[in-house]
Amino acid sequence: MDNTQRMIALLGRIRKQMNGAVSETMSLDGEKYGLNYGVSIATLREIVASEPKDYEFAKYLYRQQVRELKLCACHIADAQMVDTH
């Protein structure tokens, strides 16, 4: 399965947890994203718990303009691979 297919599957799981009221509130007060499903960080952690650590996939997710994918990327990335330069 390539990164696009993995991302689509992940988005499907995220979409099921969508909270429109939270999403609307965040869009008024917070960072502007292309998409914001309003899913809590705790729920995102549960969703990605079964994903293997994969730095390349994490970078792919982080480049997307979706709040939840950016947050998932932080949990999928292998911390030892992250380069801060």
Side-chain angles (χ1 to χ4, degrees):
M1 184 180 310
D2 70 6
N3 285 343
T4 302
Q5 292 170 323
R6 289 176 68 190
M7 180 188 70
I8 291 169
L10 185 58
L11 275 173
R13 289 184 275 160
I14 291 169
R15 199 171 292 125
K16 290 178 184 176
Q17 302 299 321
M18 185 174 173
N19 186 330
V22 172
S23 175
E24 184 177 341
T25 300
M26 286 193 306
S27 69
L28 296 174
D29 297 330
E31 181 75 26
K32 303 298 182 208
Y33 296 97
L35 284 174
N36 179 348
Y37 292 103
V39 178
S40 73
I41 293 173
T43 302
L44 292 173
R45 282 187 195 134
E46 290 174 16
I47 291 170
V48 298
S50 62
E51 290 287 331
K53 297 293 183 189
D54 184 338
Y55 185 60
E56 292 303 316
F57 182 49
K59 287 193 314 184
Y60 179 79
L61 293 177
Y62 197 82
R63 283 188 228 117
Q64 308 307 310
Q65 295 301 312
V66 180
R67 172 189 169 266
E68 286 74 10
L69 291 180
K70 288 180 181 290
L71 292 170
C72 286
C74 297
H75 296 284
I76 292 173
D78 182 355
Q80 294 181 349
M81 300 276 304
V82 175
D83 182 9
T84 58
H85 299 281

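By convention here, the first residue in the shown sequence is residue 1.
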Practice problem: Test His75 against Leu44 for side chain to side chain contact (heavy atoms under 4.5 Å, CB included), laying out the working first. | Solution: CA-CA 9 Å; His75 296 284; Leu44 292 173; 5.6 Å; no
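Counting non-hydrogen atoms of other residues, nucleotides and ligands closer than 6.0 Å to CG of Leu35 gives a total above 12.
Shown here for Gly38 and Asn36, the closest heavy-atom pair between the two residues is N-OD1, 2.9 Å. Nearest heavy-atom pair across Cys72 and Ile14 is SG-CD1, 4.0 Å. In plain terms, the two heavy atoms of Ala73 and Ala58 that are nearest each other are CB-O, 3.2 Å.
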Between side-chain atoms of residues 60-67 and protein atoms elsewhere (two or more places apart, or another chain), which donor-acceptor pairs fall under 3.5 Å?
residue: Tyr60; atom: OH; partner: Thr4; partner atom: OG1; Å: 2.8
residue: Gln64; atom: NE2; partner: Tyr60; partner atom: O; Å: 2.9
residue: Arg67; atom: NH1; partner: Val39; partner atom: O; Å: 3.0

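Distance check, rounded to the nearest 0.5 Å: CD1 of Ile8 to CG of Asn3 gives 11.0 Å. Atom OH of Tyr37 and atom CG of Leu69 lie 7.5 Å apart (nearest 0.5 Å). For the atom pair CD of Gln5 and CG of Asp2, the computed distance is 4.0 Å after rounding to the nearest 0.5 Å. Distance check: Leu10 CG to Ile47 CD1 gives 7.0 Å after rounding to the nearest 0.5 Å. Put simply, CD on Gln17 and CD on Glu46 are 8.0 Å apart, with the number rounded to the nearest 0.5 Å.
Residue pairs meeting the salt bridge (charged side-chain N to carboxylate O under 4.0 Å, His left out) criterion with at least one member in residues 53-62, sequence neighbours excluded, are Arg6-Asp54, Glu56-Lys59. The list of salt bridge (charged side-chain N to carboxylate O under 4.0 Å, His left out) pairs with a residue in residues 9-22, not counting sequence neighbours, reads Arg13-Glu51.
In the hydrophobic clustering of this structure, Val48 does not group with Tyr55; members are Ile, Leu, Val, Met, Phe, Trp, Tyr whose side-chain heavy atoms approach within less than 4.5 Å, directly or through other members.
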